Trainee: 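Please find one structure pasted underneath; my questions will follow.
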Amino acid sequence: MISEMEIYDISQTLCHGIAVWPGDPEFKHRRVSQIDDETASNVSAVDMCVHTGTHVDAPFHFERTGKGVETLPPSSFMGPARVFSLAAGDCVRAADLCGLDWANVERVLFKTRGSRHAESTFNRDYVHISYDAAEFLVERRLRLVGIDSPSVDAFDSSDFPSHRTLLRNEIVILEGVRLQHVQPGDYELICLPLKIAGADGSPVRAILRR
Ligand SMILES: [Zn+2]
């Protein structure tokens, strides 16, 4: 039997009031049927932007002809992952990464101050990944890059160099993870996206286990 103690849920809770990127639709969850004397079941409907909470980005997010999330191999989202804790100021730079141990890393998660931010407040000065760090990660031939920020690019970015660099090189992006209770080290990551045809991303339930 797998002990619950070894499983870390690193997902945000999808609920009314969860922070969304400014301008994106708010998360809505409504009950379309409710148990009462005449109704046998509760049935809900959800209306949300696919980039809400803990989610993955597909290449189609930034490329007109890029792959949709439903075509990405499930194996990208399951397997060994290393968590690094970074005391980065505004952004993760290549200089912050080159001294870390990258041996056998296929997936990486960056724990920054973002994991301490409230899920209900959109914080514009989150830690982003610089272009030179994105290039460094491409050279590592990773399959997935994750961070506890709402985006791998800066809030005021207009050309999104880190998204483009990672996605163009078939590295999937996992954003909005919660790592406040996770120590740096090696885990197994599972964060499968929903199979939504033609979607540029998907919410995920992300977990780490030892
Ligand atoms: Zn996204």
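Since this is a predicted model, take the numbers as computed values, not measurements. Whatever order the structure lists them in is the order used to number ligands and atoms, beginning at 1. Just so you know, these numbers use all the heavy atoms, side chains as well, and skip hydrogens, waters and symmetry mates.
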Trainee: Sequence neighbours excluded, which residues qualify as side-chain hydrogen bond (donor to acceptor under 3.5 Å, both in side chains) partners of N42?
Mentor: none
Trainee: Determine whether I173 and V56 satisfy the following criterion, side chain to side chain contact (heavy atoms under 4.5 Å, CB included), listing intermediate values before the conclusion.
Mentor: CA-CA 5 Å; I173 298 171; V56 297; over 6 Å; no
Trainee: Under 3.5 Å, is there a donor on one side chain and an acceptor on the other for S151 and D153?
Mentor: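 Looking only at side-chain atoms, D153 and S151 do not form any donor-acceptor pair under 3.5 Å.
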Trainee: My understanding is that only residues two or more places apart in sequence, or in another chain, count here; which of them pass side-chain hydrogen bond (donor to acceptor under 3.5 Å, both in side chains) with S115?
Mentor: D148
Trainee: Tell me, which protein N/O/S atoms are under 2.8 Å away from the Zn ion (ligand 1)?
Mentor: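 Checking every protein N, O and S atom gives H51 ND1, H55 NE2, D57 OD1, E175 OE1.
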Trainee: Which atom pairs, one a donor and one an acceptor, fall under 3.5 Å between side chains of residues 18-34 and the rest of the protein, sequence neighbours left out?
Mentor:
residue: H29; atom: NE2; partner: S44; partner atom: OG; Å: 3.0
residue: S33; atom: OG; partner: S41; partner atom: O; Å: 3.0

Trainee: Centroid-to-centroid, F155 to F122, below 6.0 Å?
Mentor: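 Yes, the ring of F155 comes within the 6.0 Å limit of the ring of F122, centre to centre.
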